[in-house]
Structures are given as C-alpha cells and as structure tokens.
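Down below is the structure, laid out as structure tokens.
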2 protein chains.
Amino acid sequence: MGNLSPVSSAVIAVDIGGTHLRAALVAADGAVIGEVRRVRADFSRLDAAATGDAVVAVIVDRLRQAIAPWLDQAARIGIGFPGYISNGVVMGSPNIPALHEVALAERLADALHRPVVVENDANCAALGEWRFGAGEQAVSLLHLTLGTGVGSGLIRRGAIFSGDQGMALEMGHLRVDWRPDARRCGCGGLGCLEQYASATAVARAYGHGVEAAEVHARACDGDGRAKELFAQAGAALGGAIAQAVKLLDLRAVTISGGMIGAWDYLAPALERAMEANLLPPQQGKVTVRASTLHDHAGLLGAAALVM
Amino acid sequence: MGNLSPVSSAVIAVDIGGTHLRAALVAADGAVIGEVRRVRADFSRLDAAATGDAVVAVIVDRLRQAIAPWLDQAARIGIGFPGYISNGVVMGSPNIPALHEVALAERLADALHRPVVVENDANCAALGEWRFGAGEQAVSLLHLTLGTGVGSGLIRRGAIFSGDQGMALEMGHLRVDWRPDARRCGCGGLGCLEQYASATAVARAYGHGVEAAEVHARACDGDGRAKELFAQAGAALGGAIAQAVKLLDLRAVTISGGMIGAWDYLAPALERAMEANLLPPQQGKVTVRASTLHDHAGLLGAAALVM
C-alpha cells in the first residue's frame, strides 16, 4: 500500500497468469494504492475444447470481481497477459491455447466499459522496471524475469519493442548450450536459456523435490552443488545477455523474479560470462542490476501502459 | 548504368572501404546513372599516428575527385562507412582507428558545401536491399553481407535500427560455436559467426591459397570438402539467424556478398539449421532470400539515406 494520490490520475493494473490473476489500483507515481493478489482464474481447468469466447468470459468475470472496488476511481485499465500480443490482439498463448487471434483489449473494453490496453506480461515487467525501478529510464533497457521460465522485454526510447508479430525478445529460448546433449526445452529446442537460468530449471537440476528458494538457502549454508547451479545459471544468463547486446546495442539490463534472491551467487558468473562474450568496445559498459520492485515490476508496467 | 532521370531528384551515393571508395549518381528509382567503382583511398597506409583530421582530409580529397562530375546534378550525398556511427558521428572504426568520435557527416558537409548523411556500411546495404531489392519493404528486414567479414543491418518500419551507440546488429560476432576449441575471431571472441560464414573464413578453412569463388567452382566440380564448407557456413548462418529472429521477431532476411554465388550449397543447410532453432510459431514463416542487387546494395542504401 502506498500513499493516496488524486483519484483522477490513478489507473487499474492487472497481471493475468495461467491459474490466477492479480490487480492493483496504481497512482501516477507508481504507488500501489490497493491490491488484490490472487484471484483464481484457472484457465488450465477449462475444457480442452474451450473456445476463445469461453476464456474471455472467464477473464471478464474474474476481472469484474477483482477491480469492482476501484471502478469509480480509475478510468483506464492496463493488463499484462502471458502470450504473443500485437496491438491488443492475442496472436497466441502457450499457456492458454484457446486464445488464438482474439482481440482481447477490444473485447475487455466493451465488457468493462472503459479503455483497456493489453500487452505481453514480460514486456509489462520491462516497462515497469524502466519507468519505476532499476531501469532508470535508460535509452534501451533489457529486462529479464527469472521464474517458472525466463521472460524478457526490451524498452527502447520509452516504448515496448514488440516485433512484427508480438514475439520479440524471446530470450528464454536463446540457445546457450550447443552441445548435442544440451537440455531439451518445452519449446522443442535444445539448450534454451530457460532450461538453465529459470528458477524451475535450477530446482529441477538440484533435485530432491526442493524449490529454488530452498536451493538458495542450501547455497547459503555452504552446499557446493547449490552454489554451482546458481553460477551455471549466471553464466548462461551472461552469455545470452552478451548475444542480445551484440544485436540490440544496449547498456542497461535489469533482472527480476524469484532467482534474484540468489543474486550474490548469480551475479559474479553472469558478469564474467557476459564480459567474455561482448565485443571489445562494449566491454565494461553494460550494467546488469537486480530489480528494485520486488514482484511488482509486471503490475507497475501494466499500469504504465495506460498512464 | 540505368535510365536518365530528372537531375533534381538524383543523389550522390558513396561507399567508403578500408583501401578504396566507390561513388555513384543515383536516380530516385534506384537507377545508377553514373558510377566510379574504385578510387584509391588507402587509410591503412596513413601513419600510425594519423589523426582524425588527417583521415578526414584524405576522404574529402578523394571524394572531391570521385564526385566532381556530378556536383551540379545532385544536391545531397549519402555515405556508407565501415564503423560505428551515431547521428553522423563516427564513434569508432575497427578498420580506421584514427577516426574516433569524429563528426564525419558535419565535417564533410562543411567541406563539400552540401547536406551529407553518413551511416554504417552494413546498415546501408540493408537499407538498399529493403528499398530497391529482395527486401521488398518488409515491416522488418534483416540483411547480411557475407564478404571479408559478416556485416548485418536491420530495417524496421522503414528506418535503420542503430542501437544506443551505433553498434546494433553485430551478427558477425554472434557466437555460433560454443565448443572450447571453436575458432578464434579477430574481435577476441570465440566461435563468432564470421569465422564460419564469411567468404574469407570459407577460403581459409579450405586452404591451398584459393579464394571463396574458387572454392565454389570446385564445389560445382564435385569437390566434397568444398561442398561441406558451404554447408557448414549455411548451418552457422541458419543458427545465428534463428537467434536473431527470437530477439527481433522478423519474417524477412536477405543476404548479399560474394558468398551468395554458392547459394545452392549454402541455402539448404541454412534453412534446416534455422528451422530447427526457431520457436514453433515462427517455423515456416521466415523467408531468406539472396540479394537481387548484386554488389549495389550498399551504394543504393547510401543513396536512400538522402532520398
């Protein structure tokens, strides 16, 4: 909860996931005035034959419930959504396959009677970090979210870089391991970054059924295998970031998500691998920072969409 | 030589290299009205202590000589230059180290008494191919030039994508071979694309002191080793292009330079490697074409800078 701000400039921010959604009333300075953290919206439970209409109906229903208290305090709604989005149209969503070429922003605006902007959730996190966090409004900012997968977005001269079909910045699927026995990714590819640097990947590689936070706790207790896995994740990240810098020519990178709790184990290996793979004129010039927004980057970015 | 066009809309296009420059008078439709193919301008012969001023003086002198016949037929000059360029300022040039943070466009405009635009040569080739060649004015076009090295540029919504410091699209230095014994690149890195896919790299790998064109001739004569090297180059290109597509989300790629003579040996391996490394929603949707501009992409792009 932040300070109260003039009601007229506040906006509603929404972060839709595969099983829950989250919403907040956000002031113009990024202060969170009110927040609903977990509204159940389990799209994975929809019938396999569910249509886009059925998914939209669930979203509308859950959204109405979540944002009801704020409807008279905010005119506009910004939404982060896990899918490929081009001008408010969901082109496709790996988590919610029934949504395919659905004009989600328009449908929600009609149902909720106010302007709605929908963007990819990783792009929202990048925008949030750029505007309110460690991104410090850099000319170009690359932001990575290390969670179940690896999300990423690029803010360039204040705008989200979306690509021709809303699929830009698929950093999680950059190949970082070219050995024939590289880890197989859910996308079908081999050696994708998210198989090495996501919280899920670190937990899976550690085994014993523990989550990444517990792997981190064990690293802090001196567990060498745990430390090694974070260093491997950092090295994979550093290599991938260097490739992105060679293509995009940027100087600022921020990272959020569960993995940054282990920053002290990640960061040295990340810096080493990145510097070793940058071109000489870029060496020493790229700053990689941990997010300062905790788990609010996505929500604040969704808010920034409509500010 | 193309058709004559109204003089008022013609522009002067210049392509500056490390040892020679080339210039043309270009009509608005891309027709080359007149051309000077090789004016000696051997910057590598300048004293090691040469200053930026000395280099600029050589450029001005050679340019005056090259474009003298056209000065009364064209008002504007577009120049492709081998270096990192940001808003007409040469930030640095691997081939001409004395040029460091020199406002080349402004200096040349002052000396030649007309508007001058300077851009990176690989970006010019991309712009030329986008506007007049196989790029067909795609929403986003990635263009690669395979010659001594691997140059690349991105045209996005009609504009050159330059990056924060004029260093975007260093595709030639994307890492495509992550084995510890990968080839060492002139940039200091390991496994860079240009060590596998440039004409120089193919000739060097083949050995026997022959150039890439001769390696191609031998491939056509059934030389298995020659065929294999072009297939390797194609596979490296395909892998690198897939990485670029994952970051930039584009659908159109064009390739120019000496290597495209061997297109029939390059292209199948390129397609296979690219498709194998793309995300499923991108598979089958990226078109890679050989340039239709022969060796004029760079010059026509330099012309397009001032059209």
Side-chain angles (χ1 to χ4, degrees), chain A residues 83-84 86 91-94 100 138-142 152 154 156-157 161-180 182 185-193 239-240 242-252 276-283 285-286, chain B residues 83-84 86 91-94 100 138-142 152 154 156-157 161-180 182 185-193 239-240 242-252 276-283 285-286:
Chain A
Y84 306 123
S86 187
M91 306 303 289
S93 169
H100 178 70
V139 181
S140 296
L141 174 71
L142 171 65
S152 66
L154 173 69
R156 190 165 175 264
R157 294 170 194 171
F161 183 96
S162 290
D164 290 7
Q165 305 282 330
M167 293 187 63
L169 276 300
E170 285 287 340
M171 284 278 293
H173 300 285
L174 273 197
R175 189 160 181 180
V176 295
D177 183 348
W178 294 78
R179 293 172 304 178
C185 183
C187 78
L190 273 177
C192 291
L193 175 64
Q243 305 300 302
V245 170
K246 287 180 192 176
L247 287 184
L248 301 165
D249 185 25
L250 47 83
R251 297 288 178 268
N277 283 287
L278 286 175
L279 287 168
Q282 299 166 328
Q283 286 164 7
K285 297 196 179 140
V286 180
Chain B
Y84 306 123
S86 188
M91 307 302 289
S93 170
H100 178 70
V139 181
S140 296
L141 174 72
L142 171 65
S152 65
L154 173 70
R156 189 164 175 264
R157 295 171 193 171
F161 182 96
S162 289
D164 290 7
Q165 304 283 329
M167 293 189 63
L169 275 300
E170 285 287 340
M171 285 277 292
H173 301 284
L174 274 197
R175 189 161 182 178
V176 294
D177 183 349
W178 293 78
R179 295 172 304 178
C185 184
C187 77
L190 273 177
C192 291
L193 175 64
Q243 305 300 302
V245 169
K246 287 179 192 176
L247 287 184
L248 300 165
D249 185 26
L250 46 83
R251 297 290 178 267
N277 283 287
L278 286 175
L279 288 168
Q282 299 166 327
Q283 286 163 8
K285 296 198 178 138
V286 179

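Lettering follows sequence order; numbering is per chain, from 1.
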Across all chains, not counting sequence neighbours, the side chain to side chain donor-acceptor pair (under 3.5 Å) partners of A/Ser140 are B/Asp164

Side chain to side chain contact (heavy atoms under 4.5 Å, CB included) with B/Leu247: of A/Met171, A/Glu170, A/His173, only one passes, and it is A/Met171

Given a strict heavy-atom distance threshold of 4.5 Å, which part of A/Leu279 is in contact with chain B: side chain, backbone, both, or neither?
side chain

Suppose we screen for side chain to side chain donor-acceptor pair (under 3.5 Å). Which residues come up paired with B/Asp177, at least two apart in sequence or across chains?
B/Arg179, B/Tyr196

With a 4.5 angstrom heavy-atom cut-off, could you sort out which part of B/Ser152 is near chain A: side chain, backbone, both or neither?
neither

So, taking the atom named CG in A/Asp249 and the one named OH in B/Tyr84, what distance separates them when rounded to the nearest 0.5 Å?
9.5 Å

Looking only at heavy atoms, what is the nearest atom pair of B/Arg156 and A/Gly163, with distance?
NH2-N, 4.0 Å

Where does B/Leu174 contact chain A at under 4.5 Å (heavy atoms): side chain, backbone, both or neither?
both

The reported gap from CD in A/Gln165 to NZ in B/Lys285 (rounded to nearest 0.5 angstrom) is 7.0 Å

Of the non-hydrogen atoms in B/Phe161 and A/Leu248, which two are nearest, and what is the gap between them?
CE2-O, 3.9 Å

So, does A/Gln243 use its side chain to make a donor-acceptor pair with the main chain of B/Arg175 at under 3.5 Å?
yes

As an exercise, state the distance from CG of A/Leu193 to NZ of B/Lys246, rounded to the nearest 0.5 Å.
10.5 Å

